[in-house]
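Numbering of residues begins at 1 and proceeds along the displayed sequence. Numbering of ligands and ligand atoms starts at 1, following listing order.
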Amino acid sequence: MTSSPRNQVEINLNALQENCRAIQKRVGSDTKILAVVKSDGYGHGMIPSAQALSEIGVNAFGVGEVHEAVSLREAGVKGDIVIFLGARETEYEEVVHFGLQPVIFDVRQLETLASFAGSKEAQVGVHLKVDTGMGRLGVMPAELEKYAAVIRKEKGLFFAGLMSHFPCADSAEFTSTREQNELFGKLSAQMTGADQRFPLHIANSAAVIRSSDLHWDMVRPGLSLYGCYPSEECLDLVDLKPVMSFTTEVIQVKDVPAGFGISYGHTFVTSRPSRLALLPVGYNDGFLRSLSNRAHVLVHGKRAEQRGRVCMNVTVVDVTDIPGVQAGDEVVLMGSQGEEEITADEIAGWMGTINYEVLCLFGNLNQRVYL
Ligand SMILES: *Cc1c(COP(=O)(O)O)cnc(C)c1O
């Protein structure tokens, strides 16, 4: 017999594939999908996610760093792999060997990569990133031509793409996103003259979902593949299914009187005789302390309220109104049970954060099981 954790994150790869098909339908068959699988696939497992997407024809992936791309290649993933955070000089060997495509935002990086690729008689595809208003990575528009000139001149490099990123594509205010997109179009037109046509890409999930004007040649969805919406502005425009669920089980059930303080600091005191269920989950598993006295969980298809402080690996819930709960019963922390559902958005609201963070926390801190 082998033991296994009681807390399990379940990943439904069919839902991942369906979400990807829904997005492909939204952008049309002429627009390529670059599936973002950084941060271990937003907690869903980078390799299984990329393999499931490869199966349905996705042939471009986005990761943060070179080591992630190397893991993908070693797992047999083919196609373009774009390295959003660029490559270090010590990694150029791997960039060439595995045919990876770094994003360029630094001139020294561009020159050293060019000379390395030249010395190996290799051709490295690079994506030049321009800051059209994100205020993060990327070269400023005025410097763009200087970079483009190097890429055109160097035999070791080819233009795999011009890219940018939106800071506010998920917000109600959409004018700034449209203006940024116009600037992106203008800059690319200025560069295209002397060059062959190269792919343009700027859209994250919110932009993918909200407007076809923002799609260009390729789109870079992340969150939406995993079945969540970047914001309320994106609801109803595409049908997505959650890919991740998170479950645990009851380890003790006990009856306590009214006026009984619960967990560290007694931040909750019972107002009636109560039945409590103890769960072996806490902030070490991503069930953060900020959920204390806020979260709900599902037991026997009903909502049970969390009581007192969430501890490192124990949480208390109130099951007074749910008959028959016993040790060993399944508890859903995120996902559906019976008619009820707790979404990543709802949990994010209780935690004071965004659904992206909930997925990364739960998925990357717990054992994953694939369906
Ligand atoms: C993470 C990331 C994305 C995906 O964003 P979502 O909002 O998850 O769709 C796209 N592009 C870049 C450069 C990113 O870093």
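Between Val358 and Met351 the shortest side-chain heavy-atom distance falls below 4.5 Å.
Taking a heavy-atom cut-off of under 4.0 Å, ligand 1 is surrounded by Val36, Lys38, Tyr42, Phe84, Lys129, His165, Asn204, Ser205, Arg220, Pro221, Gly222, Leu223, Tyr356.
Tracing side-chain contacts under 4.5 Å through hydrophobic residues (I, L, V, M, F, W, Y), one never reaches Val243 starting from Val369; they form parts of separate clusters.
Panel note: side chain Glu154, backbone Ile151; no donor-acceptor pair is recorded below 3.5 Å.
Ion pair Arg303/Glu305 not flagged as a salt bridge, since none of the NZ, NE, NH1 or NH2 atoms sits closer than 4.0 Å to an Asp/Glu carboxylate oxygen. A salt bridge links Lys241 with Glu18: at least one charged nitrogen is closer than 4.0 Å to a carboxylate oxygen.
Ring planes of Phe246 and Phe362: tilted class, angle from 30 to 60°.
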